[in-house]
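Worksheet: one structure, shown below.
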Amino acid sequence: MRRFPRKKITSVERAGKHLLIKLEGKLCLVIHLGMSGKMLLLPKSSPPPKHTHLVIHFKEFAEKLCHNDPRRFGYIHAVTGDGLRNLDCLLKVGPDATQLTKKRFDRMVKAKHRMIKPLLLDQSFIAGLGNIYSDESLHKAKIHPRRLSHTLRSSQLDSLRLAIRTTLRQAIVAGGSSLNDETYLNVDGELGRFQLQLRVYGREGERCFHCGRTIRKIIVSSRSTYFCPRCQPAQKR
DNA sequence: CTGCCCCCCTGTCCGC
DNA sequence: TGCGGACAGGGGGGCA
């Protein structure tokens, strides 16, 4: 990793699942946390934890910011000048999941002939949704994860769009989802609380809070997928 | 275009 | 107590 000494951070932004730390002089760090990545503020004096790949030192704070990622599925790009606008991983970022308009979402989804869950996970289609929040959104909207996108009615698409927005908003308020292995921690090293509100994700064999039916787990496009067979029935054919 | 399979990597958990 | 296998919040690539 190159060194960018004595640069002031001018802004911190987000593009889908990418974190953008912009520095003076058209420098930018583009960070993706992958599955196990964390950004942790730690005391200057403490040794960086195992699997720390980048440390940002601050002149005026008592902490340093450590990027930690045991599985190394994440990455960091350091770009200069026009590099940011040409960065391949950013060019592929679709419209943000929290900013979807009814008109556009309808048009986008109906134009595809794909199962809805993998479509929601496709970051070039919609940016920001991962496995947990896709399942939660589909349950909230009462849509089966294998439902084909072009067969969804407009009313269902509106339910889904709002379910996505609500799910993400609630998850953010709750500080994110820290599952059993506590891989997710916020920048202060604290656990999230949204795992306590999950309605389907990770609840195989437990009862649906809405109808009481047993939550099932299936594999959809090689991702674990949780849903309620009664609330989210498969499409009749 | 879409789905399916494999890969990347480390840590944890479960059954034997 | 050890050991092998399955699995995990993501994403990319090859192939049918």
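In what follows, chains are A, B, ... by sequence order, proteins preceding strands, each numbered from 1. Quantities reported herein were computed from a predicted structural model and do not represent experimental measurements.
A donor-acceptor pair is defined here as one N or O able to donate and one able to accept, closer than 3.5 Å; such a pair exists between the side chain of A:Glu136 and the backbone of A:Val200. Not one N or O on the side chain of A:Thr166 forms a donor-acceptor pair closer than 3.5 Å with the backbone of A:Ala163.
Of all nucleotides present, none satisfies the Watson-Crick or G-U wobble test against B:dC9 with each distance under 3.5 Å. Nucleotide C:dG9 forms no Watson-Crick or G-U wobble pair with any nucleotide shown, as no partner meets the under 3.5 Å limit on both distances.
Taking atom OH of A:Tyr226 as the reference point, atom C1' of C:dA8 lies 9 Å away to the nearest angstrom. Here the C1' atom of nucleotide C:dG11 and the CG atom of A:Asp122 are 10 Å apart, to the nearest Å. Here the C1' atom of nucleotide C:dG10 and the NE2 atom of A:His18 are 10 Å apart, to the nearest Å. Atoms CZ (A:Arg146) and P (B:dG3) sit 11 Å apart, rounded to a whole Å. Taking atom CZ on A:Phe194 and atom P on C:dG9, their separation rounds to 16 Å, with Å as the unit. Note: CZ (A:Arg71) to P (C:dG9) measures 8 Å, nearest angstrom. Spacing between atom CD of A:Glu204 and atom C1' of C:dC7 amounts to 12 Å, rounded to whole angstrom units. Nucleotide B:dC9 holds its P atom 15 Å from the NZ atom of A:Lys50, rounded to whole Å.
Checking the phosphate oxygens (OP1, OP2) of C:dG11, a side-chain nitrogen or oxygen of A:His32 falls inside 4.0 Å. In terms of phosphate contacts, A:Arg114 brings a side-chain nitrogen or oxygen within less than 4.0 Å of OP1 or OP2 of B:dG3. Applying the 4.0 Å criterion to OP1 and OP2 of C:dG10, one finds that A:Lys92 has every side-chain N and O outside that range. For the pair A:Lys17 and C:dG9, the criterion of a side-chain N or O lying under 4.0 Å from OP1 or OP2 is not met. Look at A:Tyr133 and you won't find any side-chain N or O under 4.0 angstrom from OP1 or OP2 of C:dG9. Contact check, A:His51 against B:dG11: a side-chain N or O comes under 4.0 Å of OP1 or OP2. Close to B:dC1, at under 4.0 Å from its OP1 or OP2, lies no side-chain N or O of A:Lys112. Phosphate contact (OP1/OP2 of C:dC7, side-chain N/O of A:Ser224, threshold under 4.0 Å): absent. In this model, the phosphate group of C:dG9 is not approached by any side-chain N or O of A:Lys38 to a distance below 4.0 Å at OP1 or OP2.
Base orientation of C:dG9: syn (glycosidic angle within 90° of 0).
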Legend entry - Verdict with reasoning, A:Asp135 to A:Lys117, per salt bridge (Lys or Arg N to Asp or Glu O under 4.0 Å): CA-CA 8 Å; A:Asp135 282 4; A:Lys117 163 143 180 183; 2.7 Å; yes
Inset, instruction - Could you check A:Lys110 against A:Ser154 for side chain to side chain donor-acceptor pair (under 3.5 Å), going step by step and ending with a plain yes or no? - result: CA-CA 9 Å; A:Lys110 285 176 176 169; A:Ser154 289; 2.8 Å; yes
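Taking the P atoms as reference points, C:dG5 lies 16 Å from B:dC6, given to the whole Å. Taking atom P in both C:dA6 and B:dC5, the straight-line distance is 15 Å, to the nearest Å.
Both tests pass for A:Arg203 against the ring of A:Phe209: distance under 6.0 Å to the centre and angle within 45° of the axis.
Proximity note for A:Ser222 (side chain, C-beta onward) versus B:dC5, B:dC8, B:dT2: the nearest is B:dC5.
Take the nearest nucleotide of DNA chain B for A:Asn180 and for A:Leu148: the residue whose nucleotide is more 5' is A:Leu148. Between A:Pro118 and A:Asp181, the residue anchored nearer the 5' end of DNA chain B, judged by the nucleotide with its closest heavy atom, is A:Pro118.
A perpendicular orientation is assigned to the rings of A:His18 and A:His32, their planes being inclined by more than 60° (bins at 30° and 60°).
Residue contacts shown for A:Leu179 include a base, since a base heavy atom lies under 4.0 Å away.
Counting atom types as modelled, A:Ser177 pairs no side-chain N or O with a base atom of C:dG9 as donor and acceptor under 3.5 Å. With hydrogens and angles ignored, no donor-acceptor pair closer than 3.5 Å exists between the side chain of A:Arg72 and the base of B:dC9.
Around NE2 of A:His210, the count of heavy atoms belonging to other residues, nucleotides or ligands within 6.0 Å does not exceed 12.
Here A:Phe73 does not count as stacked on B:dC9, because the ring centres are not under 5.5 angstrom apart with planes under 30°.
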